[in-house]
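Given the structure is predicted, the values throughout are model-derived calculations rather than measurements. Just the heavy atoms: all of them, side chains too, but no hydrogens, waters or symmetry mates, feed the values below.
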Protein chains: 2
Amino acid sequence: MATRTDAPTRREQILKEAARLFAERGFHGVGVDEIGAAVGISGPGLYRHFPGKDAMLAELLVGISGQLLTGGKRRLAESDGNPGALLDSLIEGHIDFALDDRPLITLHDRELDRLRDSDRKLVRQLQRQYVELWVEVVREVYPELAEPAARSAVHSVFGLLNSTPHLGRPGALPGRAGTAELLHRMARGAFAAAAA
Amino acid sequence: MATRTDAPTRREQILKEAARLFAERGFHGVGVDEIGAAVGISGPGLYRHFPGKDAMLAELLVGISGQLLTGGKRRLAESDGNPGALLDSLIEGHIDFALDDRPLITLHDRELDRLRDSDRKLVRQLQRQYVELWVEVVREVYPELAEPAARSAVHSVFGLLNSTPHLGRPGALPGRAGTAELLHRMARGAFAAAAA
DNA sequence: CAGGGAGGTTAGCGCTCGTTAACCTGAAGG
DNA sequence: CCTTCAGGTTAACGAGCGCTAACCTCCCTG
């Protein structure tokens with residue numbers, strides 16, 4: 001990913017603050033006035049950048065799902081053919097995302113139902129592709145794992161990795177690197193145990 | 001747990017349906033008219049049973065946290081001193097709850113912020129006690145695990161076990177027993193890997 | 001058999017919130 | 001220097017929702 005050095009656009013500011021607020025108090029729990037206030041403009045000014053409140057949520061959720069899938073595909077493409085290393089890479093990518101974008105992770109499985117049908121279908125499709133990518137890799141590493149069990153295991157490991165929002169806010173733990181490593185070990189251990 | 005044979009009271013019906021609706025569409029996303037309709041009465045009739053919509057959510061969340069903690073304490077009291085068996089018992093109890101009361105599990109970590117301060121504090125306190133109970137048992141089984149890491153591991157395993165709402169709705173997997181066993185193995189494997 | 005409470009009903013109030021309308025302003029461009 | 005337009009502003013509308021008021025109707029009980 002190219003490192004951004006230029007200042008974020010107003011649109012990006014809005015999306016970031018909206019994500020934070022939606023994660024904190026839920027989509028219906030946040031008013032447009034609050035979102036506006038969070039970026040220094042007031043209420044209806046948002047409508048110069050988005051057609052409506054729903055559109056912000058939609059863009060956030062589609063963006064999340066797309067980013068996860070794109071990252072997964074990139075790691076798959078960069079793989080040297082070692083399934084174990086590829087699974088480690090997928091885990092690492094997911095952990096990075098979960099640790100760096102906690103609000104988005106929270107939204108990801110919490111506000112999907114508030115989307116218009118078309119957007120929801122798109123997000124679901126992206127999510128499914130991401131899961132299937134994992135399932136295939138997991139089954140290469142653990143061939144004795146049947147497909148339904150592998151899919152359940154993947155969903156469960158996502159639950160494990162996505163638990164970061166519930167961890168003490170200011171990394172009261174071993175710090176970011178330590179937390180990442182702990183999560184990584186647990187994910188691997190969970191998969192191994194699933195296949196036992 | 002004593003098996004209930006008598007019909008559920010109207011109050012219990014309301015709580016059950018409210019839990020389902022809140023889990024599906026969020027607290028703010030559900031109107032009192034819908035909750036009423038779900039139990040065959042209409043809107044304001046609910047106010048014969050609850051002082052308000054907030055009270056329903058509060059009773060649900062306090063009930064969940066209390067049930068989890070009570071169950072955990074009971075298992076602790078019934079333990080024969082074998083920490084490994086006690087941990088298995090805790091895992092089993094949590095899985096039963098996650099599988100049998102999916103909507104409540106969903107609410108548990110999604111709508112806490114909608115509560116009045118006093119209720120939220122109570123729920124948080126119950127949750128904390130439940131976590132600490134697990135942390136102590138985990139550290140007996142894996143003494144090499146430092147306390148912060150153990151607490152993180154417990155939260156992550158909760159995330160793993162609470163992922164059941166994301167699994168295929170009608171147990172498309174190995175069935176309930178198989179799912180429970182898979183989750184159990186993964187939880188154990190995750191703890192073991194955390195301590196490695 | 002009167003009376004009262006439990007548990008409903010419908011009408012409607014008041015507030016919040018998403019959205020639109022109308023207007024303003026500063027900076028860029030010919 | 002005038003125009004244009006991106007990006008704001010405030011006022012206000014309309015819908016939805018939580019909740020209350022007022023009323024109704026069984027059923028139980030003294």
I need the CD-P distance between A:Gln13 and D:dG7, as an integer number of Å. 12 Å
So, B:Ser118 versus B:Arg116: side-chain donor-acceptor pair below 3.5 Å or not? yes
From C-beta outward on A:Tyr47, which listed nucleotide comes closest to its side chain: C:dG18, D:dG18, D:dG8? C:dG18
Counting just side-chain N and O atoms, does A:His49 come under 4.0 Å of either OP1 or OP2 of D:dG8? yes
Give one of base, sugar-phosphate or nothing for A:Gly31, where a contact means two heavy atoms less than 4.0 Å apart. sugar-phosphate
In whole angstrom, what separates B:Leu57's CG from D:dC17's P? 17 Å
Which whole-number value in Å describes the distance from B:Leu21 CG to D:dC17 C1'? 15 Å
Name the nucleic acid region contacted by A:Val30, choosing base, sugar-phosphate or nothing; use a 4.0 angstrom heavy-atom cut-off, strictly under. sugar-phosphate
Lys/Arg N to Asp/Glu carboxylate O, B:Arg185 vs B:Glu181, below 4.0 Å: yes
Using a strict 4.0 Å threshold on nitrogen-to-oxygen distance, state whether A:Glu147 and A:Arg151 make a salt bridge. yes
Nearest to side-chain heavy atoms of A:Arg48, which nucleotide of C:dG8, C:dC23, C:dT19: C:dC23
Separation of C:dT9 C1' from B:Ile41 CD1 (nearest whole Å): 10 Å
Pairing of A:Arg176 and A:Asp100 as salt bridge, 4.0 angstrom limit: yes
Hydrophobic clusters here meaning ILVMFWY residues chained together by side-chain heavy-atom distances under 4.5 Å, can you tell me if B:Leu167 and A:Trp134 are in one? no
Which whole-number value in Å describes the distance from A:Arg11 CZ to D:dG8 P? 13 Å
Rounded to the nearest angstrom, tell me the gap between atom CG in B:Asp54 and atom C1' in D:dC19. 11 Å
Could you tell me how far apart A:Asp33 (CG) and D:dA11 (P) are, to the nearest whole angstrom? 13 Å
Which nucleotide sits closest to the side chain of A:Ser42: C:dT19, D:dT10, C:dT9? D:dT10
Can you measure B:Leu46 atom CG to C:dT10 atom P for me and round it to whole angstrom units? 13 Å
Taking only N and O in the side chain of B:Arg10, is any of them less than 4.0 Å away from OP1 or OP2 of C:dG8? yes
Heavy atoms only, 4.0 Å cut-off, all strands: where does A:Gly52 land among base, sugar-phosphate and nothing? sugar-phosphate
